[in-house]
2 protein chains.
Amino acid sequence: MRIVLSNVKLMINENVYLKDPESSALGKKILNESILLIKEIGFEAFTFKKLGQRIESNESSIYRYFENKHKLLVYLTSWYWSWMEYRLVFETANLTDPKDRLNKTIALFTEETKDDESTEHINEALLQQIIISDFTKTLLTKEVDEENRNGFFVIYKRVIHRIAGIIKEVNSSYPYPDSLASTIVEGALHQHFLKQHLTSITNCSDEISPSDFYLDLINKVLN
Amino acid sequence: MRIVLSNVKLMINENVYLKDPESSALGKKILNESILLIKEIGFEAFTFKKLGQRIESNESSIYRYFENKHKLLVYLTSWYWSWMEYRLVFETANLTDPKDRLNKTIALFTEETKDDESTEHINEALLQQIIISDFTKTLLTKEVDEENRNGFFVIYKRVIHRIAGIIKEVNSSYPYPDSLASTIVEGALHQHFLKQHLTSITNCSDEISPSDFYLDLINKVLN
DNA sequence: CATTTTTAAAAGTATTACTATTATTTTTGC
DNA sequence: GCAAAAATAATAGTAATACTTTTAAAAATG
């Protein structure tokens, strides 16, 4: 199923950016090329100076959009979860059986993503790779409580709550729906990472996907 | 059950350090105080200069033990997993029923740690807090493949394999023992973090522990 | 006690993560 | 179509980081 996103603007918390990057050509270039550059050299080595060189623009111009690279990463991850939320709502809309809805949901959040061609300035497949390697780092900081208060993670939290809600529809007496949802979403990212880099401690491979593992898991846990 | 570690030296891969920190008083001070300082200001803000000031020693002296702070963190995390492996072997040694062994194991890896008084230069409870916030960062780098080849993560991987082995004893036909083990160990760290900072997306609290959640989960998955 | 090793102190370098200033270009509103 | 405002580019500068190097002093060891 192809999603039409052309007319939808994903809303990202305003505290994350100084100037909305979706409001200008340079801003979109920043999003687009930062994904490529972070994927290429890793988030730790990524700097605004290097990004500036790459987009043939100035370091200081990028600073007018984002205070620092951490906030740019929070922006990109928020965009990703917002896009996933949209897909979740869209792709489960016509499913009435809670079990179908749950299986579809788990598949969506544990599968590898293909690029969605309806957004030209974001390569979703590459963005998912960045989410796998770097999303957790946006949370694991000394500033997490303050940033959480400032709404940096609202979209992610909303996504987890939606999934927890679907879990409850299937089994309303299960006592840990939020923990199960957060464990699966975060765990799926981790299994993708292990599949790519630490293959010996996962059963996921070209034949077995994280989806297989988590679909099996959730059905056993909820029945 | 109290563990006697006085006579045991946990072996850490030699590629991680330049000089064995357990071989000198300064080295032990580096381990001891780095745990306190990382906990205090966070790993990102932690520098060898600050650590040097704190232990009233010189920055350059610390560089003779560890090439950089990342390797110091890999050392600390390896030490932690080595200690956990020791506890795992010790505490399951006299259990013959596979189910008992598994439950004990899951409890061990999902519970909050109390300081083990038998090692004076490491505060295990604080170290666990660092593991919760920072262990994943040691893996999520651009250099993970090279460091993995150099044996930086052998202890962690061995721990996961041990747990996977115990899972297989309980249910030899379960198809994803390694993924289940890695999901639980890593997921438990994540649930502890959520419990502390993003309480709305976990059911873990003062009343419900990550152990409750994962013990329930593993028994449902394997039966 | 002489040699080696370890540690400390100081200085130096390249890079990072910004900020500030000024100039130029682009956009917009009348 | 032009003046004003806003955005961008270029340059320079700063404080901190993440080291390396050198030299000297202290401690350990054979």
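Proteins come first, then strands; the chains are lettered A, B, ... in the order of their sequence lines, and each starts at number 1. What you are looking at is a predicted structure, and each value in this text was computed from that prediction instead of being measured.
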When the distance from [atom1] of [X] to [atom2] of [N] is rounded to whole Å, what number comes out?
X: Asn58(A); N: dT24(C); atom1: CG; atom2: P; answer: 15 Å
X: Lys28(B); N: dT7(C); atom1: NZ; atom2: P; answer: 13 Å
X: Arg64(B); N: dA24(D); atom1: CZ; atom2: P; answer: 17 Å
X: Phe48(A); N: dA9(D); atom1: CZ; atom2: P; answer: 15 Å
X: Phe66(A); N: dC18(C); atom1: CZ; atom2: C1'; answer: 16 Å

| message | By nearest atom, which of the nucleotides dT11(D), dA17(C), dC19(D) is closest to the Glu59(B) side chain? | response |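 Nearest to the side chain of Glu59(B) among the choices is dC19(D).
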State plainly whether the residues [X] and [Y] are in salt-bridge range, i.e. N to O under 4.0 Å.
X: Glu40(B); Y: Arg54(B); result: yes
X: Lys137(A); Y: Glu44(A); result: yes
X: Lys104(B); Y: Glu91(B); result: yes

Looking at [N], I'd like to know if its phosphate oxygens (OP1 or OP2) sit under 4.0 Å from a side-chain N or O belonging to [X].
X: Ser61(B); N: dA8(C); value: yes
X: Lys19(A); N: dT8(D); value: yes
X: Ser24(A); N: dT27(C); value: no
X: Tyr63(A); N: dA20(C); value: no
X: Ser57(B); N: dT7(C); value: no
X: Tyr65(A); N: dA7(D); value: no
X: Lys50(B); N: dT17(D); value: yes

| task | Map Lys49(A) and Ser60(A) onto DNA chain C by nearest heavy atom, then report which one ends up closer to the 5' terminus. | result |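 The residue closer to the strand's 5' end, by nearest nucleotide, is Lys49(A).
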| Pair Ser182(B)-Gln191(A), side-chain donor/acceptor within less than 3.5 Å |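 Present: a donor and an acceptor within the cut-off.
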